[in-house]
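Encoded as structure tokens, the structure appears first; notes follow it.
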Number of protein chains: 2
Amino acid sequence: MKSPIPATTVSRLPVYLRTLGALPSSQHTCSSDQLAALAGVNSAQVRKDLSYLGSHGTRGVGYEISELRDQLRRALGLVQSYGVVIVGAGNLGSALTNYAGFSAWGFEVVALVDADSKKIGTVVAGHDVEGFDELGRIVKERNAAIGIIATPARAAQEVADRFIDAGVRSILNFAPAVIEVPAEVVLRRVDLSTELQILTFHLHQG
Amino acid sequence: MKSPIPATTVSRLPVYLRTLGALPSSQHTCSSDQLAALAGVNSAQVRKDLSYLGSHGTRGVGYEISELRDQLRRALGLVQSYGVVIVGAGNLGSALTNYAGFSAWGFEVVALVDADSKKIGTVVAGHDVEGFDELGRIVKERNAAIGIIATPARAAQEVADRFIDAGVRSILNFAPAVIEVPAEVVLRRVDLSTELQILTFHLHQG
DNA sequence: TAGATTGTTAATCGATTAACAATC
DNA sequence: TAGATTGTTAATCGATTAACAATC
């Protein structure tokens with residue numbers, strides 16, 4: 001079953017959710033105008049996006065903040081906790097493992113994995129580094145839902161394949177590589193060099 | 001002067017550039033079909049995107065790889081080196097500083113800055129950590145073009161403001177905060193928790 | 001020439017937003 | 001009631017892609 005919520009809307013829901021958190025606690029409702037200004041989008045877009053969650057605003061008043069927060073959380077699936085396995089115990093994997101936002105949103109790093117035998121058994125960011133060979137067992141035993149690839153580009157496809165073999169259906173790729181996954185796997189890519197190159201495009205144009 | 005190249009096209013140019021790097025060196029031309037397959041997009045889109053750089057393909061043959069690489073580099077402004085200042089010497093700032101891709105694409109970390117007096121003067125990822133108070137002087141003296149924010153969310157706006165005061169016109173924000181910048185400043189945001197929440201949306205739907 | 005592939009048009013598709021009736 | 005703001009429609013805008021003439 002395909003989601004009726006457009007991907008562009010989905011990518012804005014986390015922004016709205018964070019925006020609500022920044023509102024003063026004395027405020028109990030907020031308007032689409034206010035949300036739009038804080039999130040940096042058009043107010044008609046806010047109303048349209050929120051209407052996909054069901055229409056829970058009050059005309060003349062706005063949205064009840066705590067109710068809206070619950071609805072956003074429910075829509076995003078943030079009503080349960082998710083196990084995260086990070087592959088790559090280098091600087092990036094270590095920074096990701098330490099990321100405080102994980103637990104704030106219900107994510108838990110259940111393993112930090114690396115292929116380098118010199119790293120296996122050491123403690124990085126409070127986690128024992130485990131062997132890449134163990135990935136399948138780890139994912140299954142600890143019921144991990146999300147895989148993060150924080151390896152060099154050349155290893156990325158192999159890591160993705162092993163995640164998928166183990167049953168992971170959501171992958172976040174920090175390696176600067178385009179990788180192939182079956183249609184049922186959701187893959188997102190975060191790529192520093194792409195971001196930098198988009199900046200230099202504009203620097204160069206300006 | 002506004003760029004005639006659409007933002008969606010700009011964001012794909014780095015992907016094409018990297019894709020060329022992955023081609024066997026025995027190959028001297030490539031078709032839009034091949035590029036499309038490797039980059040994961042439609043071949044008509046590849047041709048349209050590349051046509052913005054000028055029409056340099058050969059009908060019946062394809063694109064000359066080394067020529068196309070040069071054109072992509074030129075379009076993205078990767079024909080010079082750019083100084084990068086990173087604010088935030090925590091795990092993320094440290095990982096970013098260590099990122100090998102910087103020098104590969106002509107970026108150079110010219111300073112790593114932190115507001116925490118306990119960190120100032122220590123060496124992180126091979127760089128002396130300098131004080132946030134020095135930011136303006138550092139940017140100007142070292143001619144930094146790009147600012148990276150790797151601080152907690154609450155500091156992000158202040159860091160952006162100080163970057164802008166110092167003359168930085170390109171900012172990459174890793175802090176989970178929406179920040180305001182004047183129209184002439186290019187701001188990109190990389191947000192781990194947004195990415196994770198988009199994944200959980202799909203997990204939850206599936 | 002025959003086959004291949006570009007460059008570009010025009011059709012399609014989808015996302016954004018102005019506008020306003022509904023209604024608190 | 002008067003003012004405010006939602007929910008939704010319809011218009012607009014922009015991006016994607018099928019199709020094909022041009023041409024190597």
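Chain naming here is simple, since letters A, B, ... match the order of the sequence lines and numbering starts at 1 in each.
- Atom-to-atom, CG of B:D49 to C1' of D:dA15 comes out at 10 Å; the value is rounded to the nearest Å.
- With C:dA15, D:dA15, D:dT16 as the choices, the nucleotide that has an atom nearest any side-chain atom of B:R12 turns out to be D:dT16.
- Shown here is A:E180, whose CD atom has no more than 12 heavy atoms of other residues, nucleotides or ligands within 6.0 Å.
- The A:N42 side chain lies nearest to C:dA18 when the options are D:dT16, D:dT8, C:dA18.
- Straight-line distance from the CG atom of A:D33 to the P atom of C:dA18: 11 Å, rounded to whole Å.
- Taking atom CD of B:Q45 as the reference point, atom P of D:dA19 lies 17 Å away to the nearest angstrom.
- Taking 4.0 angstrom as the limit, B:S51 places none of its side-chain polar atoms (N or O) nearer than this to OP1 or OP2 of C:dT6.
- Taken to the nearest 0.5 Å, the OH atom of B:Y63 stands 12.5 Å off from the CD atom of B:Q34.
- One atom, CG of B:L50, and another, P of C:dT5, lie 15 Å apart when rounded to the nearest Å.
- Residues A:T194 and B:S11 approach most closely at CG2-O, 4.1 Å, considering heavy atoms.
- With a cut-off of 3.5 Å on both pairing distances, the Watson-Crick or G-U wobble partner of D:dA19 is C:dT8.
- Backbone-only engagement by B:S32 is indicated by non-hydrogen atom pairs under 4.0 Å involving sugar-phosphate atoms exclusively.
- Remark: P of C:dG14 and CD1 of A:I5 are 17 Å apart, rounded to the nearest angstrom.
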Pairs under 3.5 angstrom, nitrogen or oxygen only, protein versus nucleotides 20-24 of chain C, please.
{"unit_1": "C:dA22", "atom_1": "N3", "unit_2": "A:R59", "atom_2": "NH1", "d": "2.8"}
{"unit_1": "C:dC24", "atom_1": "O4'", "unit_2": "A:R59", "atom_2": "O", "d": "3.2"}
{"unit_1": "C:dC24", "atom_1": "O2", "unit_2": "A:R59", "atom_2": "O", "d": "3.4"}

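- Judged by the 6.0 Å and 45° rule, A:R189 forms no cation-pi pair with A:F174.
- Residue A:Y63 has no polar side-chain atom (N or O) positioned under 4.0 Å from OP1 or OP2 of D:dA4.
- Residue B:K48 contributes atom NZ, which lies 9 Å from atom P of D:dA15 at whole-angstrom precision.
- Between A:Q71 atom CD and D:dT6 atom C1' the separation is 14 Å, expressed in whole Å.
- Contact between the side-chain N/O atoms of A:S43 and the OP1/OP2 oxygens of D:dT5 is not found at any separation under 4.0 Å.
- Just one of B:E134, B:E130, B:E108 meets the salt bridge (charged side-chain N to carboxylate O under 4.0 Å, His left out) condition when paired with B:R142; it is B:E130.
- Rounded to whole Å, the distance from OH on A:Y52 to C1' on D:dT9 is 13 Å.
- At a cut-off of 3.5 Å, with distance as the only test, no side-chain donor of B:Q27 or B:T29 sits close to an acceptor on the other residue.
- Side-chain contact, A:D49 with A:Q45: no donor N or O sits under 3.5 Å from an acceptor N or O.
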